[in-house]
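Comments concern the structure below.
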Amino acid sequence: MTKSIPAKKYNIQTGETIYTAKAKCPELIIVPPNYGLYMQCSRAFGDILREYSPLVEQYSIDEYFIDFTNMGRIYADPVEAAYIIKERIKEELGFTVNIGISTNKILAKMASELKKPDKVHTIFPHEIADKMWCLPIEELFMVGRATAKKLRSRAINTIGDLAQADLKMFKLFLKSHGVLVWNYANGNDISPVRENRRTMIKGIGNSTTISFDVEDKTTAHLVLLSLTETVASRLRQAEYCACLVSVSIKTNEFYSCSHQRKLASAKDCTNAIHEIACELFDELWKGEPIRHLGVRVSELCRNYFMQLSLFERDYEKQRAVDRTVDSIRERFGPDAVFRSSFLNSGVRFRSGGTIDDEEYPMMSSVL
DNA sequence: TCTGGGGTCCTAGGACCC
DNA sequence: TCTGGGGTCCTAGGACCC
């Protein structure tokens, strides 16, 4: 998943396979992730930050924005304050952080990523040319693999090249995304630091890479069930129903495709969602060996009351079963009860899901 | 060159309506 | 049978984030 700083010295990349990483460094130590611990650290980190400003936004599990506007009355210099915060985190929580300081979020974020670890950087507007424009285009927020390739094909290799390119040409070339990255390259961003509003989530999905190639419909349906178990229970826990179900496939040749269906009435039953997922799968699958399967629900609405359909079956009994199973799993653990169809099947009876949906920070690629 | 799993947003084409 | 212009909704795929 990611590399430590000592591992980086061996040129080990984030997302590299364990096999090639071990080739580069045979004594490499591989540690499984521990999201419970990360969440705990993340919260403690946020608690400290909130002592320094009333306006703190969590951006991801390991990133926060702090609005320091008007804090000049208490801290003469934001850089000085950053050092105080950074040292406190190191002392009290035992890990290091990088802090980026500027006049808006994009510049602060770019500054925070300059040199690691345990550093404080600024990229104020007058420093953009010196500190940011020399960087390769890939370093700019929102320039991923695809955009980088397009930019480099136009001889735009650094953030400075992008900043000085003609905006009109960019509109034609990369549409709205072109305008966005051009603005970021120039340090233009007016997005406010926001309270972590409890935004409506847009969708819930789980997917898994199967440890063997699936070549028959029955096994595929069972994997879809194990994914739907988690998706549907997360959906119910969040108190939503969904109006759209989608299924995605990746074949053993890495070809991916997806299929979705809008529902006549919103649903949250495991069985109902699974049934639709299977229909979608059957329509989509052409018989290739499958490496990866995904189930996703979206177009969510609250589940407090719902429109029933005259033409569909009554799901109330099914919902009662789901509620019962959910409560058994809540009281006695997620493996307290599971479907016998998984017995001796080689398929896990539940797959995917985050450890604690309630508290997991919602990621967004928008500042 | 495709690691894996969780998301969000955008775009383009087609169907359909008046 | 297709005209023209306005619109919405649905679907599939791609791009980005951590």
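Scope of the values below: all heavy atoms of this structure, side chains included, with no hydrogens, waters or symmetry mates. Everything numeric here is computed off the predicted structure, so don't read it as measured data. Protein chains get the first letters and strands the later ones, always in sequence-line order, with residue 1 at the start of each.
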Name the nucleic acid region contacted by [X], choosing base, sugar-phosphate or nothing; use a 4.0 angstrom heavy-atom cut-off, strictly under.
{"X": "A/K150", "answer": "nothing"}
{"X": "A/S256", "answer": "nothing"}
{"X": "A/T208", "answer": "sugar-phosphate"}
{"X": "A/G203", "answer": "sugar-phosphate"}

Interatomic distance, [X] [atom1] vs [N] [atom2] [rounded to whole Å]:
{"X": "A/L140", "N": "C/dC16", "atom1": "CG", "atom2": "P", "result": "11 Å"}
{"X": "A/M142", "N": "C/dA15", "atom1": "CE", "atom2": "C1'", "result": "8 Å"}
{"X": "A/E253", "N": "B/dC2", "atom1": "CD", "atom2": "P", "result": "12 Å"}

[N] phosphate, OP1 or OP2, under 4.0 Å from [X] side-chain N/O:
{"X": "A/R296", "N": "B/dT8", "answer": "yes"}
{"X": "A/N206", "N": "B/dG5", "answer": "no"}
{"X": "A/K175", "N": "B/dA12", "answer": "yes"}
{"X": "A/S60", "N": "C/dC17", "answer": "no"}
{"X": "A/T209", "N": "B/dG5", "answer": "yes"}

Determine whether the aromatic ring centres of residues A/Y64 and A/F45 are separated by less than 6.0 angstrom.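 That pair passes the under 6.0 Å test.
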Start at the 5' end of DNA chain B and walk down; is the nucleotide closest to A/R291 or to A/S176 reached first?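 Its nearest nucleotide lies further toward 5', so the answer is A/R291.
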More 5' along DNA chain B: A/R145 or A/H292, using each one's nearest nucleotide?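 Whichever sits nearer the 5' end wins; that is A/R145.
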Indicate whether the side chain of A/N252 and that of A/R291 have a donor and an acceptor atom separated by less than 3.5 Å.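 No, because no side-chain N or O of A/N252 sits under 3.5 Å from a partner of the opposite role on A/R291.
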Under 3.5 Å, is there a donor-acceptor pair linking the side chains of A/R296 and A/S258?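 Their side chains do not contain a donor-acceptor pair, so the 3.5 Å distance test is not met.
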Is a salt bridge present between [X] and [Y], judged by a nitrogen-to-oxygen distance below 4.0 Å?
{"X": "A/E27", "Y": "A/K22", "result": "no"}
{"X": "A/E138", "Y": "A/R152", "result": "yes"}
{"X": "A/R50", "Y": "A/D47", "result": "yes"}

Distances under 3.5 Å between protein N/O atoms and the N/O atoms of nucleotides 9-11 of chain C, please, pair by pair.
unit_1: C/dT11; atom_1: OP2; unit_2: A/K262; atom_2: N; d: 3.4

List the steps, then state whether ring-ring contact (aromatic ring centres under 6.0 Å, His included) holds for A/F68 with A/Y75. CA-CA 9 Å; A/F68 234 63; A/Y75 301 97; 5.8 Å; yes
Tell me, what's DNA chain C's dot-bracket, Watson-Crick or G-U with both distances under 3.5 Å, | for other-strand, [ ] crossing? ....||||||||||||||
Side chain to side chain contact (heavy atoms under 4.5 Å, CB included), paired with A/N98, selected from A/H121, A/K115, A/E63: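 Among the candidates, only A/H121 passes.
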Quick check for you: among C/dC17, B/dG5, B/dT8, whose closest atom lies nearest to any side-chain atom of A/K202?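 Given the options C/dC17, B/dG5, B/dT8, the side chain of A/K202 is closest to B/dT8.
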Picking from C/dG13, C/dA15, B/dG4, which would you name as closest to the side chain of A/F254?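 Nucleotide nearest to A/F254's side chain: B/dG4.
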Ring of A/Y240, cation from A/R302 - is the NZ or CZ under 6.0 Å from the centre and inside 45° of the axis?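 Checked: cation-pi criterion met.
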Rounded distance in Å between the C1' positions of C/dG14 and B/dC2: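 Taking atom C1' in both C/dG14 and B/dC2, they lie 16 Å apart.
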In terms of relative ring orientation, are A/H126 and A/F124 parallel, tilted or perpendicular, with 30° and 60° separating the classes?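 Correct class here is parallel.
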